[in-house]
Amino acid sequence: GLGVENSTGDDDIFPSVGFQWQATNDIYVTLVGSSFSTTWQPCDDWLLRVGVWAAGGVWNAENSGSSLDVKLTSYRAAVGVEHRLHDNTWLTLWAGATISNELDIETAGGTKVFRDDADTGWFVNLGIRVAAW
């Protein structure tokens, strides 16, 4: 099929394959758009995950009356652990790195003012996930 990805700041249309595969009773592999993850569920209340997904965004800033778009294109690679707190509520902890980081600054007309590759960054995410449809 076709996919639209805008997590890196552009509305890119590209050929897309997506799937969810239960490799074994406790291992799941998922590819949806630019997000890939593998999950191992050793018991009902614990999940261990490995994933890679697109990140970034576009922000607009004003500088001396000029409008500039600041665009970050990045990918995240991480490992995570989740624990079920109650029914569909999970405590999540992820740790990983941002890779292939690229920073662009453009005028509102699209003229590039600045472009550079940014260093790898490290992150930790702690949160609550509610798995409700």
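Both backbone and side-chain heavy atoms feed into the values below; hydrogens, waters and symmetry mates do not.
With 3.5 Å as the limit, one finds a donor-acceptor pair spanning the side chains of Arg49 and Thr39. No side-chain donor from either of Asn101 and Thr120 sits under 3.5 Å from a side-chain acceptor of the other.
Remark: Glu106 pairs with Lys112 by the salt bridge (Lys or Arg N to Asp or Glu O under 4.0 Å) rule, at least two apart or across chains. Arg76 pairs by the side chain to side chain donor-acceptor pair (under 3.5 Å) definition with nothing, not counting sequence neighbours. Residues meeting the salt bridge (Lys or Arg N to Asp or Glu O under 4.0 Å) test with Arg115, sequence neighbours left out: Glu102, Asp104. Residues passing the side chain to side chain donor-acceptor pair (under 3.5 Å) test with Asp45 are Arg84, sequence neighbours excluded. Residues forming a ring pair (Phe, Tyr, Trp, His ring centres under 6.0 Å) with Trp46 (at least two apart in sequence, or on another chain): His83. Under the ring pair (Phe, Tyr, Trp, His ring centres under 6.0 Å) criterion, Trp90 pairs with no residue, sequence neighbours left out.
Trp59 and Leu68 are assigned to two separate hydrophobic clusters, defined by single-linkage of ILVMFWY side chains at heavy-atom distances under 4.5 Å. The cluster map of Ile, Leu, Val, Met, Phe, Trp and Tyr, joined by side-chain heavy atoms under 4.5 Å apart, puts Val50 and Val81 in different clusters.
Between Phe36 and Val29, some side-chain heavy-atom pair lies under the 4.5 Å cut-off. The side-chain heavy atoms of Val124 and Leu93, taken from C-beta on, include a pair separated by under 4.5 Å.
Closest approach of Ser34 and Ala54 over heavy atoms only: OG-CB, 3.3 Å. Contact record, Ala77 with Ile99: CB-CD1, 4.4 Å, taken as the closest heavy-atom pair. Heavy atoms only, all atoms of each residue included: Tyr75 and Ser100 are closest at CD1-CB, 4.0 Å.
Taken from OG1 in Thr38 to CD1 in Ile27, the straight-line distance is 8.5 Å, to the nearest 0.5 Å. Put simply, CD on Gln41 and CG on Leu47 are 4.5 Å apart, with the number rounded to the nearest 0.5 Å. The CD1 atom of Ile105 sits 13.0 Å away from atom NZ of Lys71, with the distance rounded to the nearest 0.5 Å. Note that OG1 of Thr92 is 7.0 Å distant from CD1 of Ile128, once rounded to the nearest 0.5 Å. Atom CH2 of Trp40 sits about 6.0 Å away from atom CG of Leu48, to the nearest 0.5 Å.
Annotation: Trp94 is in aromatic contact with Trp53 [ring centroid separation under 6.0 Å].
More than 12 heavy atoms of other residues, nucleotides or ligands lie within 6.0 Å of CG in Asp117, so this atom counts as buried by the packing criterion. Open room surrounds CD on Gln20; 12 or fewer heavy atoms of other groups in view lie less than 6.0 Å from it. Around atom CG of Asn60, more than 12 heavy atoms belonging to other residues, nucleotides or ligands sit under 6.0 Å away. Counting non-hydrogen atoms of other residues, nucleotides and ligands closer than 6.0 Å to CH2 of Trp122 gives a total of 12 or fewer.
Between the Thr98 side chain and the Gly121 main chain, a donor and an acceptor come within less than 3.5 Å of each other.
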- How far apart are the C-alpha atoms of Leu91 and Leu126, what are their side-chain angles, what is the distance that settles it, and do they pass the side-chain contact (heavy atoms from CB on, under 4.5 Å) test? CA-CA 8 Å; Leu91 177 66; Leu126 176 64; 4.0 Å; yes

